[in-house]
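Each chain gets a letter, A, B and so on, in the order its sequence line appears, and its residues count up from 1.
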There are 2 protein chains.
Amino acid sequence: MNRIAENPAFITPTVTGPAAKLMTSLSQAIHEHRLKPGTKLGEDDLSEIYGVSRTVVRAALQALSHVQLVELKRNRGAFVAKPTIREAREVFEARALLEPRTARSATERMTDAALARLESHIAAEHQAIAEGEPGRALRLSGQFHIEISHIADQETIAGFIERLVARSSLIIALYWKRESALCEKHAHHALVEAFRRGDGDEAEAQMKSHLIDIVSALDLRDTPEPEVSLRDILAPE
Amino acid sequence: MNRIAENPAFITPTVTGPAAKLMTSLSQAIHEHRLKPGTKLGEDDLSEIYGVSRTVVRAALQALSHVQLVELKRNRGAFVAKPTIREAREVFEARALLEPRTARSATERMTDAALARLESHIAAEHQAIAEGEPGRALRLSGQFHIEISHIADQETIAGFIERLVARSSLIIALYWKRESALCEKHAHHALVEAFRRGDGDEAEAQMKSHLIDIVSALDLRDTPEPEVSLRDILAPE
DNA sequence: TGCAATCCAATTGTATACAAAACTGAATAC
DNA sequence: GTATTCAGTTTTGTATACAATTGGATTGCA
């Protein structure tokens, strides 16, 4: 069983036990856009749905807030995070800084087994699209990037990339232009080809342009920030 | 009151209320090397010391584990983290990737107020050394780097740097060579001078060499990993 | 009718009680 | 003498009970 199957949540859980299951389940739902940004995650609701106590629910929500998939507002509850346009730009600037170089490192450490994993990933993406499950395809697409960072064998940076990919999923949910088609197929395939040839320069360049493509499919023009309540601005704490 | 005074813990707390106070206090103690890597942080002990319930203690410990200052072992408790040599190398590779470029960005956004903050930081470092409090000096020194990342106004990357600096403090506690003197004074001063002149190239270069200096003062030769118990290797979970 | 103050239901924050797991050390078997 | 087992103690994991806060509906008043 490979890592893909072992970690369907993306985010390496930072909690253990029942809370980890809950975290995984919520994380996956958010990544697949079944839970939309802004959705309230009530503790009682979750505790009933998953059959655990609020103690466990709170641990999972706190963990999710640490990876910024969830926003905790004191005394008000947990909500699926809504990154602002400014944050969206930052996320992709950070990805542009980290991922191309990581792709190069991955090239140097590539193995046959790793290549096979990446290809099975792409196949799974295609299958998800064919089956009319764009949410799952999107999640797998993010996981592809994470897999590369793990192959590069830089766990610290991989951890950062996990967070950035997670946040990217929320950003895509909020700011994706309808017109633009999501065709990661070719980009990911081109990356794998570069890996196979051991061409680090090409891998780095492909990753760079792939990220640029994603950003250019987003509508990040300045618009009034997602409703900010007076409370958020003025609250003493 | 500037940010320095507001956030003496380094780590922007990801929890609120009493748990945040506890997190800040523990974080500061770890940064100042009053709490050493490997120290057990018992829940009952902390709850008695701080006069809060274990519920709050657990929230703080979980938050600290998310920034990797604390390691949680299921059913065994919380310990101040002990990064391995391998992790230490990764952390400084990541810093080398992020911080020089961030220093350049900071140069572009530098203001008089920000410069003043950085200088008051250096002054505080000197004072701490003069008063024979090397722990506090070390903490302030880390905070200097974080302040730069905030000036660069890239909060996403600043968050990563916060984590890396925090982890660096643990690494220094574990692997610092006795012989080498900690003389960040000059490095930090040189950085500020570059900022003052608006010389982005110089700031980037200074940051790069500063980080190299730190790493070269560490003893990261391969030694038997910090005692790994059989349990850690063989435990089913 | 419009506005404001107030009360009430719902939800989160914290403490505590109980369950489960792990460590300790003494007794026992070899 | 060494290793092992097992009970007791300690510590962590989870559930539940209670307190505090919020948000909205209701009521009172101009």
- Note on the structure: Heavy atoms of B:Phe79 and B:Gly38 approach each other most closely as CD2-O, 3.7 Å

- Note on the structure: Looking only at heavy atoms, the pair that brings B:Ala78 and B:Val70 closest together is CB-CG1, 3.9 Å

Phosphate OP1/OP2 of [N] contacted by [X] side-chain N/O (<4.0 Å):
| X | N | answer |
| --- | --- | --- |
| B:Arg76 | D:dT11 | no |
| B:Arg74 | D:dT14 | yes |
| A:Lys40 | C:dT12 | yes |

- Query: Within a reach of under 6.0 Å around CZ of A:Arg89, are more than 12 heavy atoms found that belong to other residues, nucleotides or ligands?
  - Reply: yes

Separation of [N] [atom2] from [X] [atom1] (nearest whole Å):
| X | N | atom1 | atom2 | result |
| --- | --- | --- | --- | --- |
| A:Asp45 | C:dA10 | CG | C1' | 11 Å |
| B:Phe79 | D:dT11 | CZ | P | 12 Å |
| B:Leu61 | C:dT14 | CG | C1' | 16 Å |
| B:Asp44 | C:dA17 | CG | P | 13 Å |
| B:Glu48 | C:dA15 | CD | P | 14 Å |
| A:Tyr50 | D:dT14 | OH | P | 16 Å |
| A:Leu41 | C:dA10 | CG | C1' | 17 Å |
| A:Leu46 | D:dT14 | CG | P | 16 Å |

Per [X] side chain, nearest of listed nucleotides [options]:
| X | options | result |
| --- | --- | --- |
| A:Glu43 | D:dT14, C:dG13, D:dG13 | C:dG13 |
| B:Ser53 | D:dA15, D:dG13, C:dT14 | C:dT14 |
| B:Val56 | D:dT14, C:dA22, C:dT14 | C:dT14 |
| B:Arg58 | C:dG13, D:dG13, C:dT16 | D:dG13 |

- Find which nucleotide of DNA chain C each of A:Ala78 and A:Thr55 is nearest to by heavy atoms, and output the residue with the more 5' nucleotide. A:Ala78

Kindly give the atom pairs (protein nitrogen or oxygen, nucleotide nitrogen or oxygen) under 3.5 Å for nucleotides 18-20 of chain C.
none

- Task: Please figure out whether A:Asn75 or A:Pro18 has its closest DNA chain D nucleotide nearer the 5' end.
- Result: A:Pro18

- Message: Looking at A:Lys82 and A:Glu71, is there a salt bridge between them, counting it only when a charged N and a carboxylate O are closer than 4.0 Å?
- Response: no

Checking [Y] against [X]: is there a side-chain donor and acceptor pair closer than 3.5 Å?
| X | Y | answer |
| --- | --- | --- |
| B:Gln62 | B:His66 | yes |
| B:His188 | B:Glu125 | yes |
| A:Glu99 | A:His145 | yes |

